[in-house]
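Scroll down for the structure; my scribbles are underneath it.
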Amino acid sequence: MINLIDTLLKEIQEVQVKTAQEVEQLRVRLLGKKGEVTKLFEEFRNVPAESKKEFGRRLNELKNAATAKIEELRQNLEDSAGASECSFDMTMPGDTFELGSRHPISITREEIISIFKKLGYSLAEGPEIEDDHHVFEALNFPPEHPARDMQDTFFISNGVNPILLRTHTSSVQVRTMETQKPPIRVICPGRVFRNEAISARAHCIFHQVEGLYIDKGVSFADLKQSILLFVKEMFGPDTKIRMRPSYFPFTEPSTEVDISCNICGGKGCNICKGTGWLEIMGAGMVDPNVLSACGIDPNEYTGFAFGMGVERIAMLKWQVKDLRLYFENDVRFLKEFETSI
Ligand code: DAH
């Protein structure tokens with residue numbers, strides 16, 4: 001039995017552990033209820049009387065050694081955990097998170113929408129993958145009509161009613177008139193697609209906002225006043241508008257709207273190419289053929305429509321000279337608009 005005490009003592013001196021769990025296992029194995037040291041204490045009563053003194057002394061020595069070792073191992077583990085925590089320098093500057101900013105196109109689109117919402121317009125949206133009926137046919141572009149060449153189209157399928165990527169948001173006008181009864185007052189923002197070579201002034205993907213107002217007795221004067229109110233909100237209270245006669249199959253009469261140049265105030269500069277005016281949108285009175293095609297009686301109702309490019313409005317507002325910047329997502333460019341939110 002003395003031999004066993006010696007073996008255990010030796011083992012205790014040499015034992016090495018890596019985790020707190022191993023320390024606990026060691027404690028249970030030696031000092032637990034059924035532990036080896038505990039068992040030796042139980043056997044103490046069987047030891048002959050003459051050996052009791054010596055055996056008792058050795059046994060206590062063993063118990064103390066085991067208790068001390070376990071405590072030492074625990075302490076070592078705690079110290080090394082503490083040491084690794086302290087290796088972190090709390091005085092080092094922290095990592096900063098780069099905050100993103102909203103895209104100028106989103107900012108502009110939201111601003112356009114919020115102005116028209118104040119005039120009682122509600123939001124309408126439609127699909128980007130459309131059919132010929134909603135993009136052309138119902139908007140008074142007959143098949144083979146040369147006006148279709150105004151918009152170079154990406155076709156997806158041929159057939160009676162070809163599928164295509166919408167070239168303008170005017171398709172949402174059609175969807176709205178087909179499903180709602182007048183009075184209708186909607187603003188329709190969305191992405192549009194045209195088969196154009198990408199340059200500083202043209203892109204194959206861009207954004208438009210369309211407006212449509214249909215009711216009894218809506219006149220060209222209403223259109224003019226609504227647009228004037230919009231441009232004053234968007235470009236400042238001194239902004240003037242000019243309407244030039246134009247042609248769109250879906251409006252009669254049609255007009256293109258210019259604003260007085262917000263850089264030179266109309267005197268003429270290189271932004272407005274010396275004219276004092278900047279083109280911002282197309283508009284007109286909804287053609288009676290369009291109303292009929294969408295199930296609205298043109299003898300009872302009239303209406304106006306307008307459509308503008310969001311990139312164009314943003315370019316004029318912030319003097320962005322190259323359309324491609326909007327798509328490159330260079331954060332240095334995007335950050336310039338942070339303060340506009
Ligand atoms: N859809 C036309 C375009 O993309 C813009 C436009 C012009 C929309 C006149 C209209 C409008 O609603 O009345 O060029």
Side-chain angles (χ1 to χ4, degrees), residues 1-110 125 127-129 191 198 205 207 314 318 320 322 324-341:
M1 241 184 262
I2 294 287
N3 281 350
L4 185 55
I5 292 178
D6 284 341
T7 322
L8 283 173
L9 258 178
K10 196 157 182 281
E11 194 193 323
I12 288 167
Q13 274 155 14
E14 288 167 5
V15 73
Q16 283 187 355
V17 293
K18 290 201 185 74
T19 62
Q21 204 182 353
E22 284 175 39
V23 180
E24 178 58 10
Q25 278 165 1
L26 183 68
R27 188 194 66 77
V28 172
R29 187 161 71 79
L30 295 174
L31 303 170
K33 264 190 190 160
K34 292 182 182 149
E36 294 184 50
V37 179
T38 318
K39 270 190 204 146
L40 284 173
F41 271 97
E42 278 162 16
E43 286 187 24
F44 183 70
R45 56 188 128 97
N46 305 327
V47 174
E50 65 281 14
S51 311
K52 266 202 159 72
K53 196 173 168 208
E54 168 68 1
F55 188 80
R57 191 179 58 76
R58 297 298 312 278
L59 203 51
N60 276 327
E61 210 178 289
L62 175 67
K63 190 183 172 190
N64 292 341
T67 315
K69 184 72 182 189
I70 285 163
E71 189 48 39
E72 180 194 320
L73 291 171
R74 257 194 204 135
Q75 199 59 48
N76 286 350
L77 278 176
E78 266 174 36
D79 286 352
S80 61
S84 68
E85 259 169 42
C86 286
S87 69
F88 182 80
D89 182 356
M90 301 293 273
T91 62
M92 291 252 290
D95 289 338
T96 51
F97 288 96
E98 279 282 333
L99 273 188
S101 54
R102 283 172 64 210
H103 195 281
I105 296 302
S106 304
I107 298 170
T108 313
R109 187 191 54 201
E110 294 311 311
E125 281 178 317
E128 292 175 351
I129 298 174
R191 269 201 304 190
I198 297 172
I205 304 174
H207 301 78
W318 288 298
V320 179
D322 192 328
R324 290 167 292 196
L325 284 167
Y326 291 128
F327 292 89
E328 282 165 4
N329 284 336
D330 183 331
V331 282
R332 289 166 303 178
F333 170 71
L334 298 179
K335 283 215 178 275
E336 289 184 38
F337 303 90
E338 259 175 0
T339 49
S340 319
I341 302 172

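Side chains included, hydrogens not; waters and symmetry mates left out as well; all remaining heavy atoms used. Numbers here are sequence positions counted from 1. These numbers come from a predicted model, not from an experiment.
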(request) Evaluate the side-chain proximity of Glu61 to Arg58: yes if any heavy-atom separation is below 4.5 Å, no if none is. (result) yes
Side-chain atoms of residues 40-51: list all donor-acceptor pairs with protein atoms under 3.5 Å, sequence neighbours left out, distances to 0.1 Å.
none

(request) Output the distance between atom CD (Glu71) and atom CG (Asn76), rounded to the nearest 0.5 Å. (result) 10.0 Å
(request) Provide the closest heavy-atom pair for Val320 versus Ala314 in the form atom of the first, atom of the second, distance. (result) CG2-O, 4.3 Å
(request) Report, as yes or no, whether the 6.0 Å neighbourhood of atom CD on Glu14 holds more than 12 heavy atoms from other residues, nucleotides or ligands. (result) yes
(request) Enter the distance from Thr67:OG1 to Lys69:NZ here, rounded to the nearest 0.5 Å. (result) 13.0 Å
(message) Checking Glu22 against Lys18 for the salt bridge (charged side-chain N to carboxylate O under 4.0 Å, His left out) test, could you report, in this order, the C-alpha distance in whole Å, the side-chain angles of both residues, the deciding distance, and whether it holds?
(response) CA-CA 7 Å; Glu22 284 175 39; Lys18 290 201 185 74; 5.9 Å; no
(request) Starting at CZ of Phe337, measure out to CD1 of Ile105 and round the result to the nearest 0.5 Å. (result) 8.5 Å
(message) Can you tell me how far apart NZ (Lys34) and NZ (Lys39) are? Round to the nearest 0.5 Å.
(response) 9.0 Å
(message) Less than 4.5 Å apart, side chain to side chain, heavy atoms only: is that true for Asn329 and His103?
(response) yes
(message) If you define the side chain from C-beta out and look only at heavy atoms, does anything of Lys63 sit under 4.5 Å from Leu31?
(response) yes
(message) Does Leu4, at its CG atom, have more than 12 non-hydrogen atoms belonging to other residues, nucleotides or ligands within less than 6.0 Å?
(response) yes
(request) List the steps, then state whether side-chain contact (heavy atoms from CB on, under 4.5 Å) holds for Phe333 with Asp322. (result) CA-CA 11 Å; Phe333 170 71; Asp322 192 328; over 6 Å; no
(message) I'd like to check Thr108 versus Tyr326 (side-chain heavy atoms, cut-off strictly below 4.5 Å). Are they in contact?
(response) no
(message) Test of understanding: with side chain to side chain contact (heavy atoms under 4.5 Å, CB included), list the residues that count as partners of Arg191, not counting sequence neighbours.
(response) Glu128, Phe193, Ile205, His207
(message) Measuring from atom CD1 of Ile107 to atom OG of Ser101, what distance do you get when rounded to the nearest 0.5 angstrom?
(response) 7.0 Å
(message) Do Glu36 and Glu11 have side chains that approach each other closer than 4.5 Å (heavy atoms only, starting at C-beta)?
(response) no
(request) Could you grab the distance from atom CG of Leu77 to atom CD of Glu72, nearest 0.5 Å is fine? (result) 11.0 Å
(message) Among Ile12, Leu26, Val15, Val17, which residue satisfies the side chain to side chain contact (heavy atoms under 4.5 Å, CB included) criterion with Ile70?
(response) Leu26
(message) Could you tell me if the side chain of Asp330 sits less than 4.5 Å from the side chain of Leu325, heavy atoms only?
(response) no
(message) Please determine whether a side-chain nitrogen of the Lys or Arg among Glu328 and Arg324 lies less than 4.0 Å from a carboxylate oxygen of the Asp or Glu.
(response) no
